[in-house]
J.: 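Have a look at this one.
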Amino acid sequence: MTTAPARPPQDSRTDDPLVVLLRACADPARLTILRLLERDAFGVGELGSMVGLGQATVSHHLKALTEAGLVTARRDGTHTFYRRALPAESPGGRLHRALLEELDASPLDEVHETARAAVYEARAEKSREFFDRHADRFDASRDQIADPRAYFPELAELLPAAGTRALELGPGPGDFLPELAGRFERVLAVDVSAEMLERARALIRERRLGNVVLQQGELAPGEPVTGPFDVVVCAMVLHHVPRPAELIARCAGLLDTGGALLLAELCPHGQDWTRELCGDVWPGFDADQLRGWAEAAGLVRGPSQFLAQRNGFRIQLQRFERAAA
């Protein structure tokens with residue numbers, strides 16, 4: 001009588017990184033969520049509106065993606081934002097990287113792209129309404145975070161000594177425009193808020209800045225802003241816009257060879273009151289996150305500086321350059 005060969009014991013482990021990763025992404029809704037998180041972070045409610053699922057279901061999917069290391073969560077006061085996690089140099093890292101590359105190679109369908117655009121527009125509209133309603137208290141709100149006089153001199157040091165054309169996005173009341181007007185032949189300032197542009201216009205008249213032109217709108221595809229510019233300045237703007245990564249890419253595309261993008265931005269913070277009092281969309285940015293977006297847009301990292309501000313806030317000043325091809 002022959003005895004059947006013993007079968008090798010089955011590996012029933014559930015903590016194998018490959019098993020956890022494969023299980024987490026073996027769901028159409030989760031793959032769609034990963035596609036939606038390609039460049040930006042979203043809250044549970046926003047993701048639910050985009051994928052057409054309730055918040056409880058979306059939270060369940062996000063929990064599985066987070067446990068698999070595919071998504072990271074960041075708490076901002078009463079809000080939690082989710083974004084893609086970077087592939088790690090560990091078991092499953094190559095599969096993680098290949099999965100994201102495969103997802104990005106196949107664009108979102110029209111339904112989900114339209115839903116994501118609606119979320120972006122809702123964010124943008126909220127920001128526009130805030131600045132139009134609260135232009136009169138803008139200075140008081142801003143000064144609780146950072147007084148421009150505390151970082152404008154350092155930001156000016158990152159400017160080219162002189163040039164032909166400069167662009168400032170979100171100039172607010174125009175505090176930095178005299179510095180640009182003194183160095184560049186022509187200056188264009190673009191802001192979404194009509195009320196803020198009126199304040200900037202008053203400053204231009206007072207200082208007799210004849211080489212500054214104001215334009216209402218936002219720097220988005222299709223907007224009538226054409227380069228090249230020697231410098232583009234975004235001072236305390238990114239945390240107000242719905243798509244900061246795309247804004248950086250658009251700025252990079254407007255730079256002349258050797259031109260510079262100057263960013264003044266909040267470092268990450270957990271002070272949720274800035275949403276209501278200051279109209280913030282994002283609770284600051286990691287320096288590496290801004291650098292990653294700039295480098296993805298073809299820019300080269302330059303000098304940077306970090307400055308302590310009021311009420312525990314910190315500001316980062318970063319310069320990126322458009323290198324020769």
J.: Could you tell me the separation between the CZ atom of R291 and the CD1 atom of I248, rounded to the nearest 0.5 Å?
T.: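 Answer for the CZ-CD1 pair, R291 versus I248, is 12.0 Å.
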
J.: Restricting to pairs with a member in residues 293-302, which pass salt bridge (Lys or Arg N to Asp or Glu O under 4.0 Å), not counting sequence neighbours?
T.: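 Passing the test, one end in residues 293-302: no pairs.
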
J.: What's the shortest heavy-atom distance between C267 and I315, and which atoms?
T.: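 For C267 and I315, the tightest heavy-atom pair comes out as SG-C, 4.2 Å.
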
J.: Under a 4.5 Å cut-off applied to non-hydrogen side-chain atoms, are R84 and E38 in contact?
T.: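 Yes, side chains in contact.
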
J.: Report yes if the side chains of V71 and R83 come closer than 4.5 Å at any heavy-atom pair, otherwise no.
T.: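 No; the side chains remain at least 4.5 Å from each other.
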
J.: Given F229 and D256, is the side chain to side chain contact (heavy atoms under 4.5 Å, CB included) satisfied, shown in steps?
T.: CA-CA 5 Å; F229 293 94; D256 200 354; over 6 Å; no

J.: Going through the checks in order, is the side chain to side chain contact (heavy atoms under 4.5 Å, CB included) test met by T164 and F184?
T.: CA-CA 5 Å; T164 303; F184 297 89; over 6 Å; no

J.: Atom CZ of R201 and atom CD of E206: how far apart are they, to the nearest 0.5 Å?
T.: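 Those atoms lie 15.0 Å apart.
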
J.: Establish whether L65 and L18 are linked, either directly or via other cluster members, by ILVMFWY side-chain heavy-atom contacts under 4.5 Å.
T.: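 The answer is yes; both residues are in one hydrophobic cluster.
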
J.: Any side-chain to backbone donor/acceptor pair from R319 onto L158? Under 3.5 Å, distance only.
T.: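 Yes, because the side chain of R319 sits within donor-acceptor range (under 3.5 Å) of the backbone of L158.
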
J.: Determine, step by step, whether L167 and V187 satisfy the side chain to side chain contact (heavy atoms under 4.5 Å, CB included) criterion, reporting the C-alpha distance in whole Å, the side-chain angles of both residues, the deciding distance to 0.1 Å, and the verdict.
T.: CA-CA 6 Å; L167 169 66; V187 178; over 6 Å; no

J.: Do other residues, nucleotides or ligands put more than 12 heavy atoms under 6.0 Å from the CZ atom of R97?
T.: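 It does: R97 CZ has more than 12 such atoms within range.
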
J.: Drop me the distance from L47's CG to I33's CD1, to the nearest 0.5 angstrom.
T.: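 With rounding to 0.5 Å, CG (L47) is 6.0 Å from CD1 (I33).
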
J.: Which heavy atom of D286 sits nearest to which heavy atom of P268, and what is that distance?
T.: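 Closest approach of D286 to P268, heavy atoms only: OD1-CG, 3.0 Å.
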
J.: Heavy-atom distance under 4.5 Å between the side chains of L180 and L159, does that happen here?
T.: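 Yes. Closest side-chain heavy atoms under 4.5 Å.
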
J.: Does a side-chain heavy-atom distance below 4.5 Å link S304 with L317?
T.: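 Answer no - side chains too far apart.
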
J.: Could you walk me through whether D109 and T114 pass the side chain to side chain contact (heavy atoms under 4.5 Å, CB included) test, one step at a time?
T.: CA-CA 9 Å; D109 58 57; T114 300; over 6 Å; no

J.: Going from CG on L31 to CG on L36, what distance comes out if it is rounded to the nearest 0.5 angstrom?
T.: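 Spacing of CG (L31) from CG (L36) equals 11.0 Å.
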
J.: Test your reading of the model: is there a side-chain donor-acceptor pair from D191 to the backbone of S193, 3.5 Å cut-off?
T.: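 Such a contact is found between D191 side chain and S193 backbone.
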
J.: What's the shortest heavy-atom distance between A85 and T72, and which atoms?
T.: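 In this case the closest contact between A85 and T72 is CB-CG2, 3.5 Å.
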
J.: Is the backbone of G284 close enough, under 3.5 Å, to the side chain of E265 for a donor and an acceptor to pair up by distance?
T.: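 Answer holds: no.
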
J.: Would a distance-only check, ignoring hydrogens and angles, find a side-chain to backbone donor-acceptor pair under 3.5 Å from Q216 to V192?
T.: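 Yes: the side chain of Q216 pairs with the backbone of V192.
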
J.: Please report the closest heavy-atom contact between A115 and S49, naming both atoms and the distance.
T.: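 So the two residues come closest at CB-O, 4.3 Å.
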
J.: To the nearest 0.5 Å, what is the distance between CG on L53 and NE2 on H60?
T.: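 These two atoms lie 11.0 Å from each other.
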
J.: Side-chain contact, heavy-atom cut-off 4.5 Å: V44 with L62?
T.: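 Of all side-chain heavy-atom pairs linking L62 with V44, at least one is under 4.5 Å.
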
J.: Could you tell me whether the side chain of N211 and the main chain of R186 form a donor-acceptor pair under 3.5 Å?
T.: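 A pair under 3.5 Å: no.
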
J.: Rounded to the nearest 0.5 Å, what's the gap from SG on C25 to CZ on R30? Could you check?
T.: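 C25 atom SG to R30 atom CZ measures 9.0 Å (nearest 0.5 Å).
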
J.: Minimum heavy-atom separation for H61 to A29, with atom names?
T.: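 Smallest interatomic distance, heavy atoms only, reads NE2-CB, 3.8 Å.
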
J.: Flag the pair Y82 / F42 as yes when their ring centroid distance falls below 6.0 Å, and as no otherwise.
T.: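 Ring-ring flag for Y82/F42: false, centres at least 6.0 Å apart.
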
J.: What about F313 and F306, same hydrophobic cluster or not, with Ile/Leu/Val/Met/Phe/Trp/Tyr joined at side-chain heavy-atom distances under 4.5 Å?
T.: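 Not linked; separate clusters.
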
J.: Do V111 and V51 land in one hydrophobic cluster if side-chain heavy atoms of ILVMFWY residues count as linked below 4.5 Å?
T.: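 No, separate clusters.
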
J.: Tell me if the CG atom of L22 is crowded by more than 12 foreign heavy atoms within 6.0 Å.
T.: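 Yes, because the 6.0 Å sphere around CG of L22 holds more than 12 heavy atoms from other groups.
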
J.: If you take all heavy atoms of L254 and G227, which pair is closest and at what distance?
T.: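 Heavy atoms only, the tightest pair is CD2-N, 3.5 Å.
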
J.: Can you pull the salt bridge (Lys or Arg N to Asp or Glu O under 4.0 Å) pairs that have at least one residue in residues 55-71, sequence neighbours excluded?
T.: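 Of all non-adjacent pairs touching residues 55-71, those that pass salt bridge (Lys or Arg N to Asp or Glu O under 4.0 Å) are K63-E67.
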
J.: Below 4.5 Å, heavy atoms only, C-beta onward: do V119 and P242 meet side chain to side chain?
T.: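 Of all side-chain heavy-atom pairs linking P242 with V119, none is under 4.5 Å.
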
J.: Could you tell me if the side chain of W293 sits less than 4.5 Å from the side chain of P244, heavy atoms only?
T.: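 Answer yes - side chains close enough.
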
J.: Residues in salt bridge (Lys or Arg N to Asp or Glu O under 4.0 Å) with E179, at least two apart?
T.: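 Partners of E179 under the salt bridge (Lys or Arg N to Asp or Glu O under 4.0 Å) test: R183.
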
J.: Considering only heavy atoms from C-beta outward, does the side chain of Q305 approach that of Y151 to under 4.5 Å?
T.: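 Of all side-chain heavy-atom pairs linking Y151 with Q305, none is under 4.5 Å.
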
